[in-house]
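Okay, so here's the structure we're looking at.
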Amino acid sequence: MSHGYNGNRLLIPLSEQDHIQGDPNAAVVLIEYGDYQCRSCGEIHQIIQQIQQRLNSVNTIAPDRLCFVFRHFPNTQIHPRSQRAAEAAEAAATQGLFWQMHHMLFEHQYALSDGCLVEYANQIGLDISRFLKEMSSRIYSNRIMQDIKSGKEHGVVVVPALFLNGDRYTESWTFEQMLTAILKIENSQI
């Protein structure tokens with residue numbers, strides 16, 4: 001699994017529909033195509049959170065050293081509840097709580113039934129009647145399909161798929177290896 005960058009480039013720039021944490025002009029932009037029911041995506045989620053905490057604690061003067069972007073890529077053939085989870089995240093996004101739902105879904109990725117999704121929506125403080133209406137009408141399916149389409153256009157077949165400053169990340173998926181790759185890119189930008 002440790003083969004370095006394989007030359008794959010992500011050519012789709014960040015857009016208003018992207019879910020972004022940090023400064024889009026940061027030295028390092030990490031884009032993940034992910035699936036809320038995928039165990040490996042859950043593991044990467046924890047690693048990315050650790051990296052964000054480490055980078056922010058090391059440099060409190062310029063805390064946005066890393067921009068993180070999440071794009072949906074549910075694989076419903078393997079993970080039948082992943083599409084609904086992605087729709088729940090989008091419903092939360094319209095109420096300004098995408099990241100809260102994002103974290104909740106990864107923390108409980110083995111409990112993604114419709115009832116659980118409503119419970120999570122309630123826990124993070126969403127307007128439940130609005131959430132239920134949007135979930136029943138499936139109004140976010142097209143939005144999620146846009147992410148899937150952009151991923152497929154860039155060779156994403158399985159998730160998690162990570163891109164660092166546009167290059168596909170194929171190094172080992174450990175905290176140390178990913179942090180090293182991010183710091184190397186950051187230092188090359190200085």
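Model, not experiment: these values are computed from the prediction.
- Annotation for R39: atom CZ does not count as buried by contact number, only 12 or fewer foreign heavy atoms lying within 6.0 Å.
- Atom-to-atom distance recorded for M135:CE and R130:CZ is 13.5 Å, nearest 0.5 angstrom.
- Closest approach of V28 and I182 over heavy atoms only: CG2-O, 3.6 Å.
- Using a distance-only test at 3.5 Å, with no hydrogens or angles considered, a donor-acceptor pair links the side chain of R168 to the main chain of H154.
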Does Q53 form a side-chain hydrogen bond (donor to acceptor under 3.5 Å, both in side chains) with Q49? I'd like the steps, not just the answer. CA-CA 6 Å; Q53 289 171 356; Q49 283 189 305; over 6 Å; no
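- Contact of the D167 side chain with the I185 side chain is not registered, since no non-hydrogen atoms from C-beta on lie closer than 4.5 Å.
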Apply the test side chain to side chain contact (heavy atoms under 4.5 Å, CB included) to residues I47 and T174: give CA-CA distance (whole Å), side-chain angles for both, the deciding distance (0.1 Å), then the verdict. CA-CA 7 Å; I47 291 170; T174 65; 5.5 Å; no
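- A heavy-atom distance below 4.5 Å is not found between the side chains of E134 and E90.
- In plain terms, the two heavy atoms of Q109 and G42 that are nearest each other are OE1-CA, 3.4 Å.
- Between H19 and H72, the two ring planes are perpendicular [angle over 60°; tilted spans 30° to 60°].
- Between E186 and A27, the shortest heavy-atom contact is CG-CB, 4.1 Å.
- Note on ring orientation: taking the six-membered ring where Trp is involved, the planes of Y120 and H108 are parallel (angle under 30°, cut-offs 30° and 60°).
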Apply the test side chain to side chain contact (heavy atoms under 4.5 Å, CB included) to residues L30 and F163: give CA-CA distance (whole Å), side-chain angles for both, the deciding distance (0.1 Å), then the verdict. CA-CA 6 Å; L30 170 61; F163 294 84; over 6 Å; no
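- Considering every non-hydrogen atom in both P24 and I20, the closest pair reads CG-CG2, 4.2 Å.
- Here the closest heavy-atom approach between residue F98 and residue A89 is recorded as CD1-O, 3.4 Å.
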Kindly indicate, with the supporting measurements, whether the criterion side chain to side chain contact (heavy atoms under 4.5 Å, CB included) is fulfilled by L66 and I51. CA-CA 9 Å; L66 174 70; I51 289 170; 4.1 Å; yes
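- The side-chain heavy atoms of F70 and Y33, taken from C-beta on, include no pair separated by under 4.5 Å.
- With values rounded to the nearest 0.5 angstrom, I148 atom CD1 is found 6.5 Å from K152 atom NZ.
- With contacts defined as side-chain heavy-atom distances shorter than 4.5 Å, the pair R84/R138 qualifies.
- Atoms CD and OH, on E32 and Y169 in that order, are 13.0 Å from each other to the nearest 0.5 Å.
- Looking at heavy atoms from C-beta onward, V118 lies in side-chain contact with L132 at the 4.5 angstrom threshold.
- Using a 4.5 Å heavy-atom cutoff, the side chains of F73 and V156 are in contact.
- A distance of 10.0 Å separates CD in Q50 from CG in L179, rounded to the nearest 0.5 Å.
- Between M178 and E171 there is no side-chain heavy-atom pair separated by less than 4.5 Å.
- Linking Ile, Leu, Val, Met, Phe, Trp and Tyr residues whenever their side-chain heavy atoms come within less than 4.5 Å places I31 and M145 in a single cluster.
- With contacts defined as side-chain heavy-atom distances shorter than 4.5 Å, the pair Q146/R71 does not qualify.
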I would like to know whether D23 and C67 meet side chain to side chain contact (heavy atoms under 4.5 Å, CB included); could you show each step before the answer? CA-CA 5 Å; D23 182 355; C67 174; 5.7 Å; no
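- Using cut-offs of 30° and 60° for the angle between ring planes, the H102 and F106 rings count as perpendicular.
- I78 and V158 sit in two unconnected hydrophobic clusters of ILVMFWY residues. Membership requires side-chain heavy atoms under 4.5 Å apart, directly or through other members.
- A distance of 10.0 Å separates OG of S40 from CG of D35, quoted to the nearest 0.5 Å.
- Checked by atom type and distance alone, the side chain of E87 never pairs as donor or acceptor with a backbone atom of Y140 at under 3.5 Å.
- Considering all non-hydrogen atoms of both residues, C116 and A111 come closest at CB-O, 3.3 Å.
- D18 places a side-chain N or O within donor-acceptor distance of the main-chain N or O of S15, the cut-off being under 3.5 Å.
- Rounded to the nearest 0.5 Å, atoms OG (S188) and CG (L183) are 11.0 Å apart.
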